[in-house]
Structure formats: structure tokens, C-alpha cells
Amino acid sequence: MLQLGYIRENRDLVIERLGVKNFKDADKIISQVIEKDNKRRGLQMELDNLKAEANRLAKEVGMLFKEGRKEEAEQSKSKSVDLKSREKQLGAELAETERELKEMLLSIPNLPNAQVPRGTSAKDNEIVFQQGEIPSLYEGALEHWDLCARYDIIDFELGNKITGAGFPVYKGKGARLQRALINFFLDNAVRAGFREIQPPLMVNEASAMATGQLPDKEGQMYAIPLDGFYMIPTAEVPVTNIFRDTIQKMEDMPVCCCAYSQCFRREAGSYGKDVRGLNRLHQFDKVEIVCIDTPEHSYEQLEVMKSHVADLLRQLELPFRVLRLCGGDMSFTSAITYDFEVYSAAQKRWLEVSSVSNFETYQANRLKLRYKDEKGKIQLAHTLNGSALALPRIVAALLENHQTIEGIRIPKALQPYFGSEILD
RNA sequence: GGAAAGUUGGCAGAGUGGUCGAAUGCGGCGGUCUUGAAAACCGUUGAUCUUCACGGGUCCGGGGGUUCGAAUCCCUCACUUUCCGCCA
């Protein structure tokens, strides 16, 4: 949620920035917001004055009764009663205005950072970095879904039977590989200074609202209506909500956490070959990194997170590239997003394995996540997060890129975790 | 699932209808003393909206009600603790 004060003071800039995100009618909506806020302020002032008068009268009544001046007390009492109905009406009007204003603010996306390129879709994203050699595979190399069947490590059919499409069953060395990757990612994150968290996999409505998953217009979350819970689509939700309604100490910044969790996504509207094999699942594993930082330092922290992710991919010996997402391809809540993609050699396509973002104060405003600066002033913090990393597409790329006639070659850094140099 | 008791400031914990944003203790911050530190003593110390400012409003788990007036009484929801039941 954008801050009202900021919108009021930087009206034209806000409208211009929203344009980069292809937000329609920014001009009109911002005007409406300011108008609504003016109304709110007027009502608030009127109500405050009314309440001040009512408070004064109530005190007077108390005094008069104490002094035994009964008839004067009764007089003040009736005056007070008169105020009441007006007060009630104004209160209702103010509450309604506030509700409308909040609804409007919730419909406005975050402002993109100045570095964000204009654009409407993935084709307008900027490639800012690329590293690693695209492997040339031997004759008869297979795509990962065929490799999964050949080595009997990931069983999609079995998942269909037990649950449904998008819930694969990892078996034998496949399960072992999962466990190896999770530990490898977690160990690296902890070594880099991220504090390990094991969060709940279901969250309540307030949490889902605070990080922006609700209102869920696309129906992406699995819900448990009986208890009012939601299955988490990413560990970002429970971990960021640790800091909801808190005031952080300046000296504790940046606060850095990492968490392994399974993630649950309905992926409504997905179809076609993009969803084949491990490319898109309803349940998958991910290690997430989350940081809270000051506005002055958050972009430096974003670079720290990016290099952490890049380092993981290097260790896994996977060719990757980094994209700076254009305004049209970014998420609603993000100010800037870098996507990491690995090249999966048999499918011959780039697969997104991480998305690292700075949300600036947008999430923090909903979360009421603040910090005290050196002057003792309380202000909104910046929130950042990224995947480090999501497993399924990493597994897909590992299988495809490192396949040999003898089996799947396990990268050196992963061998201690997997317990072998080859998966066969 | 059943029963009971709770939810107050960073923490602990008073307060049961008026002057209570809230005693007291701890913690934090500033000071005196000290070469420095500790101890002791003194002072200070919540958030939020609105206003250029003075000031005013709101907040004692959430929501609603009673009353001229609610932290305090009533209703309701959520959560916590303890006991019982069930159980990885």
C-alpha cells in the first residue's frame, strides 16, 4: 500500500511511475484518492471537535454532581445527549470514508523504481547478466520427465493417483536429491548470515492480507475455509509476517532470515507445455530469503541477495542469466524485481528459478513494519525477498544439463549432500 | 472436544464507573558522582490521527452495547494458560 502523504506530496511523479506499470487511469484514480482523503480529514476534524466538547461536558457533569449542584448537572447532561446522535452519524460517515479510501489504496500497485524498464510483457525484460556455458548434449539426450522415468526418481503418475496433477512423488535417489538440495541451500544461506526459520505452512487471513496475497483475485491460494486458513504459496508470507506490527531497532538492521518450506499454488489458468514435468507444480519446495532493511541501505542489500543466488547457481554449475523485469511483468507489490533463469538444455529453454525483489515500503505499510532511526523517529522499513532457490526447475536443469551416458553427474558442491558423484 | 481462568505500556504487574494514557518495579535514555566502570541518587521514557503551531482526537486483545461519562458493567468473536479427553 502506498503512503497517503507521499501521494499527496508527489502527485505527478506517482502518476508517471504508475504509467511504467501500465496502471490504467492513474491520473483519475490519484485525484479521487486525494479528494477522498480531503473529505476524510474534514470529517475527522469535525468529529474530533465534537468529541472534545462531549468530553468537556462529561467532566463538568461529574464535577457538578460531586458538588451537589443537581439541576445544573442535569442541564449539562441533556446537552451531552444532543451531541450524541450527531457524533454517531459523523463517526459512521468517517468510518465509511476511511473504508473507501483504503479500498482505493489497496487497488493501486507499488511504484516501480527508476531503473525499471518500460514494457508490457516478458519480452521487454532486460537481460542484465549472463554466465555459464550452455552445454551441448550427446545424441539421444532426454528431457527431464523422461529422465525421471528412466531412473525412477520422480513419479508424476503416482502423484496423479494420490492427489492430482502437479503433486509428484519423489522416490529413492530422487527424494535423496531433494533433501540434498534443501540442505545445500539452507547451509549456504546460514553461512551467508541468514537466520534459519521453520514457519507454519498455513497462515491466517491477516497474514495473507499483509503480504498482499489477499485479496486473491486470481484464486492462487489453497484455502481451508473451515478454519479460515490458507496454504502458503511461499515462505515469504509467514516469515515476513513475523515482523508484522513491530518496530525494529536500527542497530539490528538488516534483519535477514531464510526458510525452507513447501509451497502450494493453485496455478489457475496455466496450461500447455509450460506445465510439463517439473516446470510448474501445485506443491513444490523452496528455500526463501527475506530481509528487512532501512530505506538508505535496502538497495545495497538487494545486491547482497542477488550475489547469494548467483553463487548458488555457480556452485551447481548451471548456466544462468539475470533479468530486470519490465513494468508490465512485475508483481503488483514489487518496486524492482530481478529474475534468475537457468538454461535447461534438453528442453532448450530458460526456466525461472528465483525472483529477487525490493518492495520498499509497500509491504511494510500494510504490515506496519517500522524501525526507529538514529533520531528516534519511527518510519517504515523496506522489505526484500528472493528464492534461494526453488527446487523443481533446478532439478529439471540439473537432470537435463548434467546427463551422461552413465547417469546424472552431480556437481561437486552437492556431492557431500547427495553422497555420490553420479545418479544412476 | 469438555471445564475454568485470563488478555493492560519494551517486560512484569496494579487499577472494578468520573480528575486513568493509566500506580509500582524492571529495562531503556540523559545526568550527578567516578581516572573509567559498577553501585547509589536525580530526571526522563508508548503508539497513532489531525494542525504551520498552540492544541485537540483515538488506542488498556478485536467488534458491538449500556451510560452524561467505560481499562472498569453487558454481549460477541479471537487468542492464551491450566485441568480433563484424544493423539504424532
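In this structure, A/Lys249 does not reach the B/G28 phosphate: none of its side-chain N or O atoms is under 4.0 Å from OP1 or OP2.
Of all nucleotides present, only B/G2 satisfies the Watson-Crick or G-U wobble test against B/C83, with each distance under 3.5 Å. Remark: B/C60 base-pairs with no nucleotide; criterion is Watson-Crick or G-U wobble with both hydrogen-bond distances under 3.5 Å. Look at B/U7: its Watson-Crick or wobble partner, with both distances under 3.5 angstrom, is B/A78. With a 3.5 Å ceiling on both atom-pair distances, the Watson-Crick or G-U wobble partner of B/U32 is B/A40. Nucleotide B/C73: paired with B/G65 (Watson-Crick or G-U wobble, both distances less than 3.5 Å).
Results of the side chain to side chain donor-acceptor pair (under 3.5 Å) test with A/Arg409 over A/Gln415, A/Glu317, A/Glu421 single out A/Glu317 as the only residue that passes.
Distance check on atom P: B/U8 versus B/G63 gives 16 Å, rounded to whole Å. Nucleotides B/U34 and B/A22 are separated by 38 Å at their C1' atoms, to the nearest Å. One C1' atom belongs to B/A4, the other to B/G85, and the distance between them is 15 Å to the nearest Å. Nucleotides B/U58 and B/G21 place their P atoms 10 Å apart, quoted to the nearest Å. Nucleotides B/U67 and B/G62 have their C1' atoms positioned 22 Å apart, rounded to a whole Å. For the C1' atoms, the distance from B/C68 to B/C79 is 34 Å, rounded to whole Å. Between B/C73 and B/G18, the distance separating the two P atoms is 12 Å to the nearest Å. Distance noted for atom P between B/C42 and B/G25: 10 Å (whole Å).
Between the CD atom of A/Glu251 and the C1' atom of B/G28 there is a distance of 11 Å, rounded to whole Å. Summarising the geometry, the separation between NZ on A/Lys368 and P on B/G46 is reported as 20 Å, rounded to the nearest angstrom. A/Glu205 has its CD atom 13 Å from the P atom of B/A78, to the nearest Å. The separation between A/Glu87 atom CD and B/C68 atom P is 13 Å, rounded to whole Å. One interatomic measurement links the two molecules: NZ of A/Lys79 to P of B/G69, which rounds to 15 Å at whole-angstrom precision. Rounded to whole angstrom, the span from the NZ atom of A/Lys372 across to the P atom of B/G10 amounts to 9 Å. For the pair A/Glu71 CD and B/C68 C1', the computed distance is 16 Å after rounding to whole Å. Atom-to-atom, CZ of A/Arg244 to P of B/C79 comes out at 13 Å; the value is rounded to the nearest Å.
Among B/G65, B/C68, B/A47, the nucleotide with an atom closest to any side-chain atom of A/Lys88 is B/G65.
Contact check for A/Met231 versus A/Ile224: side-chain heavy atoms found under the 4.5 Å cut-off. By the 4.5 Å heavy-atom criterion applied to side chains, A/Arg280 and A/Arg265 are not counted as neighbours.
Nucleic acid contact class of A/Lys84 (heavy atoms, under 4.0 Å, all strands): base.
The main-chain N or O of A/Phe332 is found under 3.5 Å from a side-chain atom of A/Lys21 such that the two form a donor-acceptor pair. When atom types are taken as modelled, the side chain of A/Asn365 and the backbone of A/Met1 share a donor-acceptor pair closer than 3.5 angstrom. A donor-acceptor pair under 3.5 Å is formed between the side chain of A/His402 and the backbone N or O of A/Leu316. Without hydrogens or angle criteria, A/Asn241 side chain to A/Val237 main chain gives a donor-acceptor distance under 3.5 Å.
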Considering only distance and modelled atom types, tabulate donor-acceptor pairs under 3.5 Å from the side chains of residues 78-88 of chain A, sequence neighbours left out.
{"unit_1": "A/Ser78", "atom_1": "OG", "unit_2": "A/Gln75", "atom_2": "O", "d": "2.8"}
{"unit_1": "A/Arg86", "atom_1": "NH2", "unit_2": "A/Glu46", "atom_2": "OE2", "d": "2.6"}

Could you run down the sub-3.5 Å N/O contacts of the protein with nucleotides 49-59 of chain B?
{"unit_1": "B/C49", "atom_1": "O3'", "unit_2": "A/Arg40", "atom_2": "NH2", "d": "3.1"}
{"unit_1": "B/C49", "atom_1": "O2'", "unit_2": "A/Gln44", "atom_2": "OE1", "d": "3.2"}
{"unit_1": "B/C49", "atom_1": "O2'", "unit_2": "A/Gln44", "atom_2": "NE2", "d": "3.4"}
{"unit_1": "B/U50", "atom_1": "OP1", "unit_2": "A/Arg40", "atom_2": "NH2", "d": "3.2"}
{"unit_1": "B/U51", "atom_1": "OP1", "unit_2": "A/Arg41", "atom_2": "NH1", "d": "3.0"}
{"unit_1": "B/G56", "atom_1": "N2", "unit_2": "A/Asp48", "atom_2": "OD2", "d": "3.0"}
{"unit_1": "B/G57", "atom_1": "OP1", "unit_2": "A/Asn55", "atom_2": "ND2", "d": "3.2"}
{"unit_1": "B/G57", "atom_1": "O2'", "unit_2": "A/Asp48", "atom_2": "OD1", "d": "2.8"}

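Between A/Lys59 and A/Lys77, it is A/Lys59 whose nearest contact on RNA chain B lies nearer the 5' terminus.
A salt bridge between A/Lys102 and A/Glu98 is absent, with no side-chain N of the basic residue lying under 4.0 Å from a carboxylate O of the acidic one.
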